[in-house]
Number of protein chains: 2
Amino acid sequence: MAMDKKENFNQFYEKFLNLAKNYGHYDSSQREVILRVLYHSNAHLSADEIACRARKYIRISLPTVYNTLNFLENLGLIHTLVLPPFKTKTYKLKLDYHDQLVCIKCGTAMPFCDKKLREKESEILQNYNFTAINRTIILYGVCFSCQKKQR
Amino acid sequence: MAMDKKENFNQFYEKFLNLAKNYGHYDSSQREVILRVLYHSNAHLSADEIACRARKYIRISLPTVYNTLNFLENLGLIHTLVLPPFKTKTYKLKLDYHDQLVCIKCGTAMPFCDKKLREKESEILQNYNFTAINRTIILYGVCFSCQKKQR
DNA sequence: CTATGTGCAAAGGCTTTGCAAACGG
DNA sequence: CCGTTTGCAAAGCCTTTGCACATAG
């Protein structure tokens with residue numbers, strides 16, 4: 001499922017349905033809204049945040065959010081992350097295959113691409129007999145605007 | 001607190017006491033054993049694993065393990081990590097800066113160190129005005145034994 | 001009609017808290 | 001002695017599960 005960030009949600013959703021129906025997926029308004037919320041967020045979101053945003057449009061329970069997130073995760077469409085203070089999982093759609101710089105304060109993800117970093121990664125994975133799957137390199141730090149706030 | 005891996009535990013523990021007493025630390029056999037366990041593990045350990053290993057030497061409760069880990073974390077002596085399946089925090093002394101290769105199937109974490117990868121990371125963080133905090137590079141893939149199982 | 005999704009309530013699992021007793025300095 | 005640490009039990013939080021009902025195909 002090649003997803004280009006520039007396409008709009010409807011195009012994305014159609015692709016999703018095509019992929020998901022092979023895995024016994026039945027359409028529901030809850031799942032559509034969850035995908036819509038994820039699609040329009042640049043940051044990683046917790047299940048609770050996703051539920052809150054979805055509730056602007058529909059009634060939805062937390063177990064349903066988790067159910068859908070786990071379904072998406074199994075399809076390989078979700079990137080999961082646990083940031084300090086390490087209490088909650090956060091989720092983000094894998095819309096593209098860029099590497100990311102993630103701010104552990106605000107969750108902002110900044111995509112970047114560095115060829116030499118990629119080469120280094122390949123080399124290391126190979127050295128340890130690891131197969132690369134769905135390769136995404138994520139570097140963590142504190143972004144400039146959060147650095148300013150701290151002072 | 002510069003900790004060189006080659007020094008033995010007693011030297012390390014003496015340094016720790018020196019640092020910790022400034023933070024109201026009272027010595028206890030439980031804390032000493034926890035530090036001993038952490039000192040002798042290359043991998044990140046969960047609180048439960050730490051408790052199990054410590055219980056070979058003393059009686060110790062889980063809240064005490066957490067209490068000590070949080071104390072060490074506040075002192076900046078601990079590196080914390082949450083790996084797939086994202087259920088438990090794992091802890092490791094910051095004796096050195098281990099990067100990790102994580103198998104997304106079985107969760108095995110294999111520490112590695114690659115100087116050039118580190119340099120690349122620094123460069124990229126700087127380029128985007130990110131401050132590096134708790135620096136650990138984590139690469140994900142499928143380890144050799146899980147590759148074999150899949151076939 | 002059958003398989004899947006939903007919501008509720010309850011259970012699970014990891015981590016923290018409150019408190020009395022034990023201990024260190 | 002006073003402040004800190006310990007263990008126990010209980011509480012908190014996030015996430016999952018069981019089940020009856022609703023809905024999609």
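All figures in this text were calculated on a predicted structure; none of them were measured in a lab. In what follows, every chain begins at residue 1, and chains take the letters A, B, ... in the order their sequences are listed.
- As rounded to whole Å, 14 Å separates atom P of D:dT4 from atom CG of B:Asn74.
- Across the protein-nucleic acid pair, A:Phe86 atom CZ and C:dT16 atom P stand 12 Å apart, rounded to whole Å.
- Within a 6.0 Å sphere centred on CD of A:Glu14, heavy atoms belonging to other residues, nucleotides or ligands number 12 at most.
- With respect to A:Lys116 and A:Glu119, no salt bridge is recorded, no charged nitrogen being found less than 4.0 Å from a carboxylate O.
- Note on B:Asn70: only backbone sugar-phosphate atoms sit closer than 4.0 angstrom, heavy atoms only; bases stay farther off.
- Under the 4.5 Å side-chain criterion, counting only non-hydrogen atoms from C-beta, A:Thr90 is not in contact with A:Val82.
- The interatomic distance linking B:Lys89 (NZ) with D:dC13 (P) rounds to 15 Å, in whole Å.
- Within residues 25-33 of chain A, the residues that have a heavy atom under 4.0 Å from DNA chain C are, in order of number, A:His25, A:Tyr26, A:Ser28, A:Gln30, A:Arg31.
- Only A:Pro63, A:Tyr66, listed by number, bring a heavy atom of residues 53-66 of chain A to less than 4.0 angstrom from any atom of DNA chain D.
- Using a 4.0 Å cut-off, no side-chain N or O of B:Asn67 falls inside it from OP1 or OP2 of C:dT16.
- Of the N and O atoms on the side chains of B:Asn8 and B:Tyr13, not one donor lies less than 3.5 Å from an acceptor on the other residue.
- Closest non-hydrogen pair, B:Ile60 versus B:Ala54, comes out as CG2-CB, 4.0 Å.
- Between A:Phe12 and A:Phe9, the two ring planes are tilted [angle within 30° to 60°].
- Rounding to whole angstrom units, CG of residue B:Asn22 and P of D:dT4 are separated by 14 Å.
- Rounded to an integer number of Å, the gap from CD1 of B:Ile34 to P of D:dT6 is 7 Å.
- Straight-line distance from the NZ atom of A:Lys87 to the P atom of C:dG13: 19 Å, rounded to whole Å.
- With rounding to whole Å, B:Asp48 atom CG is found 18 Å from C:dG12 atom P.
- Taking 4.5 Å as the limit, some side-chain heavy atom of A:Ile124 sits within range of a side-chain heavy atom of B:Leu101.
- B:Tyr23 has its OH atom 14 Å from the P atom of D:dT5, to the nearest Å.
- Pairs engaging residues 51-74 of chain A under the ring-ring contact (aromatic ring centres under 6.0 Å, His included) rule: A:His25-A:Phe71 [sequence neighbours left out].
- Using a 4.0 Å cut-off between charged side-chain N and carboxylate O, A:Arg36 and A:Glu32 make a salt bridge.
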